[in-house]
Every structure is written in structure tokens, then in C-alpha cells.
Amino acid sequence: KSKLYRFDKDGNQWKERGAGTVKLLKHKQTGKVRLVMRQSKTLKICANHLISSGMTVQEHSGNEKSCLWHATDFSDGELKDELFCVRFASIENCKTFMEKFTEIAESQQVGKESTEGNEAAGLLKNLSVEDKKSEEKAKEEEGESPAKEDKETKKEHEEEKKTEAST
């Protein structure tokens, strides 16, 4: 159990994000570790970010039960650079968290994330998504509508059947 705070740059003060349990979740395939925290009662996400190789955690000055770190957080649905502080019930819990956080940050491979991101960006750049409506508009501009083609072919088939039946 802990309380999470974020630093509000505009108000120049700490704002409480929520109280709950901090979890460090490791992805099975990629091995990346994510810090996730939900509020105890509402289960709303307070913190959600990857722990990367460049991240450092330090003890909050004046309070041995608290520690600070910078992260690019996604708990509000958009990426924001935040300064976090988490306060634990005991000094032991804080020390354990700091040790685990540092160990994970050091174990993450340097540069791997940026190359994966560049590869993904390259693939996304090559993708093009078009609606059926836009394809139909393109055909209409060429002079033929797919709807008109369907109607015309149906009429032709009906006329052929009528001529076959009459002969």
C-alpha cells in the first residue's frame, strides 16, 4: 500500500494521484517492465508507464518513506512527462521499491526501444487505409459507379433470360 503524488508545475506543488498498490508487471514476450498503480476503492489507474534504462529513482529529501522519479506516463490516456513521488507505510517498503526499480531500469536493454519504435513508425508510414466510400468515389470519377455496374449487369441478365424464354 502506498500513496502516489505527481508534481504540478503550474501550481508548483505536489498533487495526490491516489492510494493503492504499486505493481511492476513484466511482459512475457518482450521482457519490458511496466509500473501500474490503481486506486484502492475506484480501481482508476493512477500510474501507467514503462521502466526504461535511463530512469533513476531517488529518496525524497526529508522523508525516508518516499521516493521520486521521472516518467512518461499514460494513465490519463495521453503521454505526459511527469515527476512522481510515492510514499510507503514503512522505510523497508520504500527501500525495497527503490532497489527493484533500479534493478529493472539497469536490466532494460539500451537502445532496443528506439529501434523498435523506428521500425514500427516505418511500417505505419507505409500503411494506407481507404474506405470503400473513397474507392467508390474514385470509380465514379473515372465514369463508372459500382452501383451502376451492378444494376446494368442485372438488367442485361434479365433481358437475356426474357429473350431465351420467348424463343
Side-chain angles (χ1 to χ4, degrees), residues 1-139 146:
K1 289 263 180 178
S2 58
K3 260 191 183 174
L4 183 73
Y5 299 89
R6 71 169 182 83
F7 191 73
D8 182 25
K9 295 171 189 166
D10 299 331
N12 202 25
Q13 62 182 349
W14 288 101
K15 299 237 175 169
E16 186 176 329
R17 260 285 174 89
T21 306
V22 177
K23 294 181 182 179
L24 299 170
L25 306 174
K26 186 173 184 177
H27 194 274
K28 290 178 183 175
Q29 278 108 16
T30 62
K32 293 180 181 178
V33 179
R34 176 173 294 283
L35 183 142
V36 178
M37 182 175 175
R38 290 183 177 267
Q39 293 177 358
S40 296
K41 295 178 183 175
T42 62
L43 298 179
K44 184 180 179 233
I45 294 176
C46 319
N48 180 16
H49 57 269
L50 287 172
I51 298 178
S52 61
S53 59
M55 294 175 77
T56 57
V57 63
Q58 62 189 32
E59 192 174 288
H60 191 282
S61 60
N63 191 348
E64 293 180 339
K65 296 179 185 179
S66 301
C67 52
L68 303 170
W69 72 96
H70 277 280
T72 306
D73 192 58
F74 195 74
S75 59
D76 294 333
E78 60 182 62
L79 285 172
K80 280 191 213 172
D81 192 39
E82 300 274 5
L83 175 61
F84 287 107
C85 176
V86 65
R87 189 177 77 218
F88 293 95
S90 68
I91 297 171
E92 294 81 29
N93 288 348
C94 184
K95 299 280 186 209
T96 305
F97 174 78
M98 288 176 62
E99 288 170 8
K100 277 287 183 192
F101 193 101
T102 307
E103 178 184 318
I104 291 166
E106 289 172 356
S107 71
Q108 297 299 311
Q109 294 178 356
V110 180
K112 186 178 180 184
E113 292 174 17
S114 61
T115 58
E116 287 176 359
N118 291 341
E119 288 173 12
L123 292 173
L124 286 173
K125 190 176 182 181
N126 294 335
L127 281 178
S128 65
V129 179
E130 288 188 20
D131 293 344
K132 287 185 178 180
K133 291 179 182 178
S134 62
E135 290 174 8
E136 289 175 5
K137 285 181 183 177
K139 285 185 179 180

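Considering every non-hydrogen atom in both Lys32 and Gln108, the closest pair reads CA-OE1, 3.8 Å. Across every non-hydrogen atom of Cys46 and Gly18, the tightest pair is SG-CA, 4.0 Å. Heavy-atom minimum distance, Leu68 versus Trp14: CD2-CH2, 3.4 Å. Closest non-hydrogen pair, Trp69 versus Met55, comes out as CD1-CE, 3.7 Å.
Qualifying ring pair (Phe, Tyr, Trp, His ring centres under 6.0 Å) partners for Tyr5, counting only residues two or more places apart in sequence or in other chains: none. Applying the side-chain contact (heavy atoms from CB on, under 4.5 Å) test to Ser90 and every residue at least two apart in sequence or in another chain returns Glu92, Asn93. Remark: Lys100 engages no residue in a side chain to side chain donor-acceptor pair (under 3.5 Å) (not counting sequence neighbours).
Sorted by first and then second residue, the salt bridge (Lys or Arg N to Asp or Glu O under 4.0 Å) pairs with a member in residues 68-79 read Arg17-Asp73, Arg17-Asp76, Asp76-Lys80; sequence neighbours excluded. Pairs engaging residues 53-68 under the salt bridge (Lys or Arg N to Asp or Glu O under 4.0 Å) rule: Glu59-Lys95 [sequence neighbours left out]. A side chain to side chain donor-acceptor pair (under 3.5 Å) check over residues 38-48, counting only residues at least two apart or in different chains, returns the pairs Lys1-Ser40, Arg34-Asn48, Gln39-Thr42.
Summarising the geometry, atom OG1 belonging to Thr96 is positioned 11.5 Å from atom CD1 belonging to Ile91; distances are rounded to the nearest 0.5 Å.
Between His49 and Phe84, the ring planes are parallel. Angles under 30° get that label, and only those over 60° would be called perpendicular.
Residues Phe101 and Leu35 meet the side-chain proximity criterion, which asks for heavy atoms closer than 4.5 Å.
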